[in-house]
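Read the structure below first, then the notes.
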Amino acid sequence: MGETAGRETMGFQTEVRQLLQLMIHSLYSNKEIFLRELISNASDAADKLRFEALASPDLIRDDPDLKVKISFDKVAGTLSVSDNGIGMSRQELIENLGTIARSGTAEFLQRMTGDEQKDAKLIGQFGVGFYSAFIVADRVEVLSRKAGLNPDDAVRWESDGQGEFTIESAVLADRGTTVILYLKDTERDFQESFRLEALIRKYSDHIAFPVLLTVPSADGVTENTVNSATALWTRPRSDVSDDEYKEFYKHLSHDFADPLTWSHNKVEGKREYASLLFIPGTAPYDLWNRDAPKGLKLYVQRVFIMDDAEQFLPLYLRFVKGVIDSSDFPLNVSRELLQQNPDLDAMRGALTRRVIDMLTKLSAEESDSYTKFWQEFGQTIKEGVVEDKQNSAKLMKLLRFATTNSDSASQTQTLNDYISRMAEGQDKIYYIVGETYETAKSSPHLEQLRAKGIEVLLLHDRIDPWMVDHLTDYDGKAFQDVGRGKLVLPDSEGDITQDAFNDANKPLLKKIRKALKDRVETVNVSQRLVDSPACVVTSDQDLSPQLRRMLEASGQALPATKPILEINIDHPLVARLSVESDDDRFGELSRIVLDHALLAEGAQLDNPADYVRRMNRYLLDTENGNH
Ligand code: ADP
């Protein structure tokens, strides 16, 4: 080393600068995680080299034992993490340690609140990796020589984490990467070997490569292997402690928090593979970004093959983190070859069932954890109910709802809970969909059901209109939208009553139909209402208004349809309509009744200004004693 040829100073990408600042403040109470992150990177680098060496054995021949070394120098005030893995070229160093490649980073950073505790959580799920070195160091140096390059093609990177880094050529005898931390004065206790040893054991015991700690001794230095250096998933379940599983999850996912649960299995027989699957405690910030990386980490006979192998689980289970290690795939398996592998479907089926079983168990045995899971990932399970026909019965048991039985928007009730409380003679599962919990809860459609003590599921997630559009029944009971078609309640006679009521009020209905003919399909006497004068309903064949709004918002053009207006024949406003002899005023009041019904259901009026004018006129008219 020592050369300064080609020295360049460059600025960090804006996002990196922001991230560095936020991280140093918000992760300070967690500062020791930098060691996990650096060892994790070193182990990934060893994994990558072993993979490359499958095709080019020369890359590894002169130094075949992959390992990670930790050492410190009390005089210089440094701590170093060094590996003989894949290494980085000049260009790779610039890209990897100067920018953040992940999409949505800027958007993620915008969500930072300035509240340190909240931000620490957010940053934790983002995964900060290498940059965490700056929590404890005021200067970081990275020396790297990429596998296959000559000693004098090495590079040296350096930064104080403020805004710029420098990069220059270097000469390195050994392949791989060394990260040297110039520790802040306050962080010198990271140079105590007992502390380092404890941290390595805590955070990196599961790393498949030996992690060596170099410590001064009587005759110079000694190197001790600190970790057990076997891939965790190859060990028998009974030998692995909960803490080891948790640490392995953090290594794998870069999450700071514990997973909610996990499932570790070995399949033997026709197909042989080990799988270790984790359910995270918080949704990643990019759960809804379709291009975000997802999938399991694939190993073949303990050799790392690829990150984000998305072929092993359906899209709706994209939140699952884990490892799959198969003995059956060839070592040169690529994404394309994987896709064509005849065993893939069966494996995907088995892994999917494993995740569903794990969630079912969680819901039965640890309801607090399941509630947390549901808050974070419930909407993906709703995707699954529709998309995964094979497992939809099991997935429907995992659904949780808010209902009219409680005053809370939190979704805690199962379909079985609902069924166990059904009224005598009730054979349907009633639900209502609203834009928000409040609109659903206060919809006029619920009035009669409430009066009769019939429970209704209150659906208000973004995905709900789409989901319920695909649901037919559960446990032999049909789902019924209370805002749709004719509502037949357990102790009423449906059609017969409605027809009888309609007949008894023929002239009034006819008059309203005429007044509103451009805007409604028809007008009926309602059996849904108690307190409201009217409501709008959708016919059985039409799209629900919520689904319609959702599709329209996504840019689809749909043919216009008209709602059905239902009036509450016992309501004083309707009584007033029936005695109104002035045609203009009758028309005016009919339109107001319709607009109010639309507003109550969460719809936007086509012409709000017109509505306001009409309403004002009507109010003034009332003041003048015309009603
Ligand atoms: P992440 O590990 O989440 O990708 P990092 O910020 O920790 O994020 O690292 C960024 C990239 O830098 C890594 O993806 C890897 O390509 C590269 N890198 C980091 N450390 C090493 C290392 N020791 N050897 C080789 N490449 C590394």
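Side chains of S408 and S406: a donor-acceptor N/O pair is absent below 3.5 angstrom, by distance only. In summary, the side chains of Y418 and N405 do not present any donor paired with an acceptor at a separation below 3.5 Å, with no hydrogens or angles considered. Side-chain contact of D357 with T360: a donor-acceptor pair under 3.5 Å is absent, judged by distance alone. Between the side chains of E272 and S327, no donor N or O sits under 3.5 Å from an acceptor N or O.
Summarising the local packing, CD of Q21 is surrounded by 12 or fewer heavy atoms from other residues, nucleotides or ligands at distances under 6.0 Å. Within 6.0 Å of the CD atom in Q390, the count of heavy atoms belonging to other residues, nucleotides or ligands does not exceed 12. Atom NZ of K361 sits in a sparse spot, with 12 or fewer heavy atoms from other residues, nucleotides or ligands closer than 6.0 Å. The 12-atom threshold is not exceeded at CG of D407, counting heavy atoms of other residues, nucleotides or ligands nearer than 6.0 Å.
Ring geometry, F248 versus H251: the interplanar angle falls from 30° to 60°, so the pair is classed tilted. Note: F304 and F51 have perpendicular aromatic rings, judged against thresholds of 30 and 60 degrees for the angle between ring planes. Ring geometry, Y299 versus W233: the interplanar angle falls from 30° to 60°, so the pair is classed tilted.
Closest approach of T538 and L543 over heavy atoms only: CG2-O, 3.3 Å. Nearest heavy-atom pair, V456 versus I432, reported as atom, atom and distance to 0.1 Å: CG1-N, 3.7 Å. When all heavy atoms are compared, the tightest approach of L331 to I305 is O-CD1, 3.5 Å. Across I33 and S132, no two heavy atoms sit closer than the pair CD1-CB, 4.0 Å. Across every non-hydrogen atom of L446 and K441, the tightest pair is CD1-O, 3.5 Å. When all heavy atoms of L49 and N84 are compared, the pair lying nearest together is CD2-O, 3.5 Å.
L232 contributes atom CG, which lies 8.5 Å from atom CG of D205 (distance to the nearest 0.5 angstrom). With values rounded to the nearest 0.5 angstrom, R450 atom CZ is found 13.0 Å from H445 atom NE2. Summarising the geometry, atom CZ belonging to F278 is positioned 11.0 Å from atom CG belonging to D255; distances are rounded to the nearest 0.5 Å. The distance from atom CE of M467 to atom CG of L547, rounded to the nearest 0.5 Å, is 12.0 Å. To the nearest 0.5 Å, the span separating CD on E435 from CZ on R549 amounts to 4.5 Å. Atom CG of N30 is separated from atom CE of M23 by 12.0 Å, given to the nearest 0.5 angstrom.
Residues that satisfy the ring-ring contact (aromatic ring centres under 6.0 Å, His included) test with F377, not counting sequence neighbours, are F319, F373. Here K250 pairs with D258 under the side-chain hydrogen bond (donor to acceptor under 3.5 Å, both in side chains) rule; sequence neighbours left out. For the ring-ring contact (aromatic ring centres under 6.0 Å, His included) test, residues two or more places apart in sequence or in another chain that qualify with H264 are Y245.
Under the 4.5 Å side-chain criterion, counting only non-hydrogen atoms from C-beta, L38 is in contact with F130. Residues V468 and D481 are not in side-chain contact: their nearest non-hydrogen atoms beyond the backbone lie 4.5 Å or more apart. Inter-residue side-chain proximity for D242 and W262 is flagged as met; some heavy-atom pair is nearer than 4.5 Å. Looking only at side-chain heavy atoms (C-beta outward), I70 and I39 come within less than 4.5 Å of each other. The shortest side-chain heavy-atom distance between L19 and I100 falls under the 4.5 Å cut-off. Using a 4.5 Å heavy-atom threshold, the side chains of D368 and K372 count as separate. Looking only at side-chain heavy atoms (C-beta outward), E387 and P314 stay at 4.5 Å or farther from each other. Inter-residue side-chain proximity for F312 and L338 is flagged as met; some heavy-atom pair is nearer than 4.5 Å.
D427 places no side-chain N or O within donor-acceptor distance of the main-chain N or O of K477, the cut-off being under 3.5 Å. In this structure, the side chain of K69 does not engage the main chain of K67 through any donor-acceptor pair within 3.5 Å. One N or O on the side chain of N227 and one on the backbone of V211 form a donor-acceptor pair closer than 3.5 Å. Looking only at distances, a side-chain donor or acceptor of R318 sits under 3.5 Å from a matching main-chain atom of L287. Remark: the backbone N or O of L213 is not paired with any side-chain donor or acceptor of N224 at under 3.5 angstrom. Although no hydrogens or angles enter the test, the distance criterion places no donor-acceptor pair under 3.5 Å between the side chain of D83 and the main chain of S43. Proximity of a side-chain donor or acceptor of Q546 to a complementary backbone N or O of V433 within less than 3.5 Å is detected. In this structure a side-chain-to-backbone donor-acceptor pair under 3.5 Å is missing from D308 to G295. Judged purely by atom type and a 3.5 angstrom limit, D239 has no side-chain atom pairing as donor or acceptor with the backbone of P236. No donor-acceptor distance shorter than 3.5 angstrom exists from the side chain of R36 to the backbone of E247, with no hydrogens or angles considered.
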Stepwise side-chain contact (heavy atoms from CB on, under 4.5 Å) check, R354 with V267: CA-CA 12 Å; R354 199 142 267 155; V267 177; 3.8 Å; yes
Derivation and outcome, side-chain hydrogen bond (donor to acceptor under 3.5 Å, both in side chains), residues S420 and D417: CA-CA 5 Å; S420 71; D417 294 338; 5.3 Å; no
Test side-chain contact (heavy atoms from CB on, under 4.5 Å) applied to D475 and I419, step by step: CA-CA 9 Å; D475 197 19; I419 288 176; 4.0 Å; yes
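For the ring pair (Phe, Tyr, Trp, His ring centres under 6.0 Å) with F34, the qualifying choice from F190, Y203, Y131 is F190, the only one to do so. The one candidate from T412, L359, L399 that meets the side-chain contact (heavy atoms from CB on, under 4.5 Å) condition with W374 is L399. Among the candidates K202, R201, R235, the single residue satisfying the salt bridge (charged side-chain N to carboxylate O under 4.0 Å, His left out) test with E244 is R235.
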Expected list for residues 339-352: side-chain donor-acceptor pairs under 3.5 angstrom, two or more places apart:
unit_1	atom_1	unit_2	atom_2	d
N341	OD1	D343	N	2.8
D343	OD1	R271	NH1	3.2
D345	OD1	R348	NH2	3.4
R348	NH1	Q311	O	3.1
T352	OG1	R348	O	2.6

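Sorted by first and then second residue, the pairs that involve residues 420-441 and meet ring-ring contact (aromatic ring centres under 6.0 Å, His included), not counting sequence neighbours, are Y437-H460. Counting only residues at least two apart or in different chains, ring-ring contact (aromatic ring centres under 6.0 Å, His included) contacts with residues 390-411 are absent.
At a threshold of 4.0 Å, the pair R548-E552 counts as salt-bridged, since one of the basic side-chain nitrogens sits closer than that to a carboxylate oxygen. Of the charged side-chain nitrogens involved, none lies within less than 4.0 Å of a carboxylate oxygen, so that D388 and K394 do not count as a salt-bridged pair.
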